[in-house]
> 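Below you will find the structure I want to go over with you.
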Amino acid sequence: MSAVPLRWRWSLWVMAGLVLAYVIGLMVPDSGFNPFVDGFLSMASEWACVAVCWAAAYRAGRGRRTGRGRREGHGRPEVLLAAAAVTANTLGDTYELIQRETSFAAYPSPADAAYLLFYILFLASLMMLVRRQLRGSTTSLVLDSVVGSLGAASLLAVLLTPALNTAAANPASLGTVVAIAYPMLDLLLLASIAGIVASHGPEAGRRWMLLVSGLVIFAGADVVFALAPDLYVIGTPLDATWAIAIALITLWVDRSGAPRSTTSRGTRNVSAVAVPAVSILAGLGVLILASQVPVSGLAVVLAALTMAVATIPLIGRQRVLRVLSRTDDLTGLPNRRAFYADVPGRLGAGDSRRSALLLLDLDRFKEVNDSLGHDVGDRLLVQVGVRLAGALRATDLLARLGGDEFGVLLVNSGHDEAVAVAVKLRAALAEPFLLEGITLHSSASMGIAVHPEQGNDVTALMRKADMAMYKAKSTRSGHHVYQSDDDSHGDVRLRTLQELRTAIADDELELHYQPKVDLATGDVQGVEALVRWNHPTRGLLLPEHFLDLVEEAGLMHALTQIVLNKALDQAALWTAQGEPLTIAVNLSASSLVDRDLPDRVGAMIDSRGLPASVLTLEVTEEFLLNDRERARDILTRLRALGVRIAVDDFGTGYSSLAYLRDLPIDELKLDQSFVFPMINDERAATLVSSAIALAHSLGLQMVAEGVENSVAYNELVRFGCDSAQGYLVSRPVPAGELDVWLADRKVTAIVRGAS
Ligand code: C2E
Ligand code: MG
Ligand code: MG
């Protein structure tokens, strides 16, 4: 009773004291009507209950003032109705007491009207509660309650068979009907509560125990009364059970009047299924019993109804479970299970009897998850699902197969139609996504396998679509239709992995250098070192063909070490030749785990007698955001040595700009995707000039990547960009070629200067 304010507590004690005194008084054997016990104590205890109920209704109506001075509006009509119900019952008892001189031949009396009113008001109170507390799940709750009531009523009808038979034999006896109505209504109340408790879980169950036990006692007394109404005399222990029942109900009303903390909406658990299950058993029991012994017809009808209604929620649940097991939680699309189950039936369906299976995997989704969190990742997946669904026909089957992978089955589609759909889906995903104010660009790689040419069952088609998807990913082509030689792709991968290990041991990696031009002076002061793999049979491989594998094989650490050594050797050579050039080396995001990196880099520079400023390390936004504290630690230590830090591919990561302010950075390298379009897109040009201004305002240098023509070059000069790198100046070339290029450039400059 801790929820009841202190100043109300005394009223509870008074009520409890009066009820207790009345019950004890009833136990004392006496002859007939005792004015003190049966008159004063009975009335005082009952009216005390009424008073407590109305006090609770008053409190509920007033609500509670919260810390912020707001009223937590309760105004709960169910408490008001319950108080009115208890009052109606007490009015009935009071009337009976006043009329006690009258014989029971007058039964049913006006008091019965008051008693019936008690049930109506109480049921209404429960309905209000249910409606408010269980918004959204009322249908199944109502079904549970109905099943519970029917099951319980059928059991009770068995119990009341003698009384019911009397009623049937003597339909004019309104008294019997009224007497039977009481326990029936009690059970209706109880059954509703069973349903509510089942839907609430054990937490609410405990709170409702007062009411449940009150009503059980009430019902018990009613049953005894219904079976032997003639035996009832005022002042017997039967009156004590009613008094205790009303007191318990009053305590429940009192607790309901107290401000609630939170409405517990417990999960519908096993107990939710228990109500219809137990009711079916009860109904079945009654039907079996009816075949053996005479039972009232009403009991049989109720039992049959119980069974019929009980199956509704069970069927509903079965359906819901089936749907849930086939649905992806996040997107609401069919899941992998549903896809595998439904595709076989659809293969070969349709007029042309051709189908295509399309497997779609988002590009760089891991980056979204890692840098912006799973929440944003999830939202992106939901929106992707919506867009894909919007771009497909109603007859196509779309499913989320897991992670960032979606599957589509296109009926009546061959090679060309599938490619057209792939193009359409890519276009649908190309529009930026707006998530919580962040604009995200997404793309996908799709693999297509055509039925029946490339497989007759879902497993074969999935395998081939998967290989085609991998091909699309590795070639960045967006989509790819399976071809027989894709099969060897897996083998090629495995072989390449093996070869990579030997490549590192056998020194097959080499560096090409791409110069960076100072846009103010036109001088070349630095280069970027870019790794190449001189493959014994496949020739010179670009990083895009092996870097992912290096990462996957856990060889990135070794590769970085090789590249750093080679680059610093070259820097030392240039310095020795009197041509000092700074050199930029790329670090992968996985270098973030390497806490020893700063020390090793320091030692490498020292051992060659170079100034630390000769080296720039290029990191990606992914590197910065994966674990910001670790990134800050590593970068701060590198910078303390004198090494410069550049952010590579600036603008392509899903990052907030906050890191620019609090991480130690010297330079930004604006990604090619901003530089390429700036010559014929005014907005792109504005973006570039704004990015340059932003870098400068933060004291950072800006390098533009991918400068392929003089228009872009001149624009960048005009915007005040610091340096440029791109094919216009030079492609990445081996050191020897770069030397020649630099020498030529010098000669050209001298000739220009002379003329
Ligand atoms: P990045 O660091 O952004 O390097 C610039 C890339 O753009 C290089 O590709 C370069 O050849 C290319 N590029 C330069 N100018 C132009 C241009 O005007 N137009 C076009 N279309 N492209 C241009 P590359 O050498 O294939 O390297 C690709 C990426 O591989 C690099 O991008 C870098 O992220 C990574 N990478 C290269 N070497 C290493 C390395 O030693 N270690 C690590 N971890 N990553 C490396
Ligand atoms: Mg780079
Ligand atoms: Mg770059």
Side-chain angles (χ1 to χ4, degrees), residues 364 367 474-476 500 503-504 508-517 524 526-534 539-571 582-594 597 601 615-624 644-653 665-679 702-713 716 721 723-734 737-738 741:
R364 311 204 320 167
E367 257 177 63
S474 58
T475 56
R476 302 197 180 148
L500 248 179
I504 285 175
E508 287 172 12
L509 298 182
E510 55 186 63
L511 298 185
H512 282 191
Y513 300 92
Q514 187 176 35
K516 280 194 284 185
V517 177
V524 172
V527 295
E528 175 174 7
L530 294 155
V531 71
R532 303 289 181 258
W533 178 6
N534 201 352
L540 200 70
L541 298 181
L542 289 174
E544 69 191 60
H545 293 119
F546 61 91
L547 272 190
D548 285 349
L549 264 183
V550 168
E551 197 77 77
E552 207 176 288
L555 295 169
M556 191 51 92
H557 178 80
L559 179 132
T560 305
Q561 198 68 14
I562 291 171
V563 173
L564 274 170
N565 271 318
K566 283 185 188 285
L568 289 171
D569 280 348
Q570 187 58 49
T582 64
I583 203 155
V585 168
N586 293 282
L587 284 186
S588 90
S590 59
S591 309
L592 190 64
V593 297
D594 189 2
L597 185 76
V601 167
L615 182 67
T616 300
L617 288 175
E618 297 189 2
V619 296
T620 57
E621 292 178 330
E622 195 190 345
F623 176 100
L624 299 174
R644 283 168 60 84
I645 307 293
V647 176
D648 205 354
D649 306 339
F650 176 68
T652 57
I665 295 163
D666 301 281
E667 181 180 299
L668 299 180
K669 296 189 77 178
L670 190 61
D671 191 68
Q672 306 172 342
S673 56
F674 294 92
V675 180
F676 290 155
M678 66 181 264
I679 51 168
M702 182 64 99
V703 181
E705 293 187 305
V707 182
E708 291 188 342
N709 54 60
S710 48
V711 182
Y713 188 97
L716 288 164
C721 187
S723 315
Q725 187 181 338
Y727 292 169
L728 173 74
V729 183
S730 164
R731 287 182 177 258
V733 289
E737 265 181 56
L738 189 82
W741 180 86

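Both ligands and their constituent atoms are indexed starting at 1 by order of listing.
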> If we set the cut-off at 4.0 Å for heavy atoms, which region of Gln514 has an atom near ligand 1: side chain, backbone, both, or neither?
side chain
> Quick one: does ligand 1 sit under 4.0 Å from the side chain of Asp648, the backbone, both or neither, non-hydrogen atoms only?
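The answer is the side chain of Asp648.
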> When you compare the side chain of Gln514 with that of Val733, does any pair of heavy atoms fall below 4.5 Å?
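No, too far: nothing below the 4.5 Å cut-off.
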> Are the side chain of Thr560 and the backbone N or O of Met556 linked by a donor-acceptor pair below 3.5 Å?
yes
> Hey, are Glu618 and Arg644 close enough for a salt bridge, meaning a charged N less than 4.0 Å from a carboxylate O?
no
> In sequence, state the C-alpha distance, the side-chain angles, and the governing distance for His557 and Asp594, and then conclude on side-chain contact (heavy atoms from CB on, under 4.5 Å).
CA-CA 8 Å; His557 178 80; Asp594 189 2; 3.1 Å; yes
> If you count the atoms of ligand 1 from 1 in the order shown, which ones are under 4.0 Å from a heavy atom of Pro732?
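This gives 11 (O) as the contact atoms.
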> Just distances here: any N/O of Gln725 and N/O of ligand 1 closer than 3.5 Å?
no
> Need the ligand 1 atom indices (1-based, order shown) with element for anything under 4.0 Å from a heavy-atom of Glu618.
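Near Glu618, the atoms of ligand 1 are 2 (O).
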> So, 4.0 Å and heavy atoms of Arg532: is ligand 1 close enough to count as a contact?
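Within the 4.0 Å threshold, so yes.
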> Which bit of Val707 is near ligand 1, meaning a heavy atom under 4.0 Å away: side chain, backbone, both or neither?
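For Val707, the contact with ligand 1 is made by the backbone alone.
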> State if Arg731 counts as touching ligand 1 under the rule of any non-hydrogen atom under 4.0 Å.
no
> OE2 (Glu528) to the Mg ion (ligand 2) to OD1 (Asn586): angle, nearest 10 degrees?
90°
> Hey, is the Mg ion (ligand 2) within less than 2.8 Å of some N/O/S atom on Asp649?
no
> Is it the side chain (CB and beyond), the backbone, both or neither of Val531 that lies under 4.0 Å from ligand 1, heavy atoms counted?
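For Val531, the contact with ligand 1 is made by both the backbone and the side chain.
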> Measure the shortest side-chain to side-chain distance between Thr616 and Val585 over non-hydrogen atoms and say whether it is less than 4.5 angstrom.
no
> Let me check your reading of the structure: within less than 2.8 Å of the Mg ion (ligand 2), is there an N/O/S atom from Asp648?
yes
> Using atom types as modelled and distance alone, determine if a side-chain donor or acceptor of Asp671 lies under 3.5 Å from a backbone N or O of Phe674.
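Not at all, since once roles are kept as given, no pair shorter than 3.5 Å links the two residues.
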> Going by distance alone, is a donor N or O of one side chain under 3.5 Å from an acceptor N or O of the other, for Asn534 and Glu510?
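Side chains of Asn534 and Glu510: pair found under 3.5 Å.
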> If you count the atoms of ligand 1 from 1 in the order shown, which ones are under 4.0 Å from a heavy atom of Gly726?
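In order of numbering, the contacting atoms are 15 (N), 18 (O).
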> Is the backbone N or O of Val647 less than 3.5 Å from a side-chain atom of Glu621, with the two atoms forming a donor-acceptor pair by type?
no
> Identify the heavy atoms of Leu540 and His512 that sit nearest to each other, and give their distance.
CD2-CE1, 3.5 Å
> Suppose I only count heavy atoms of Leu547 and a 4.0 Å limit; which atoms of ligand 1 are within that range?
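That gives atoms 30 (O), 35 (C), 36 (N), 45 (N), 46 (C) of ligand 1.
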> As a check for students: among Gln672, Glu708, Glu705, Met556, identify the option with a heavy atom nearest to atom 6 (C) of ligand 1.
Gln672
> In Glu618, the N, O or S atom nearest to the Mg ion (ligand 2) is which?
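The nearest such atom is OE1.
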> Quick one: look at Phe676 and ligand 1, take heavy-atom pairs under 4.0 Å, and tell me if it's side chain, backbone, both or neither.
side chain
> Is it true that the side chains of Glu528 and Asn586 contain a donor and an acceptor less than 3.5 Å apart?
yes
> Is it true that Glu551 and Ser590 share a donor-acceptor pair across their side chains at a distance under 3.5 Å?
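Yes, a side-chain donor-acceptor pair sits under 3.5 Å.
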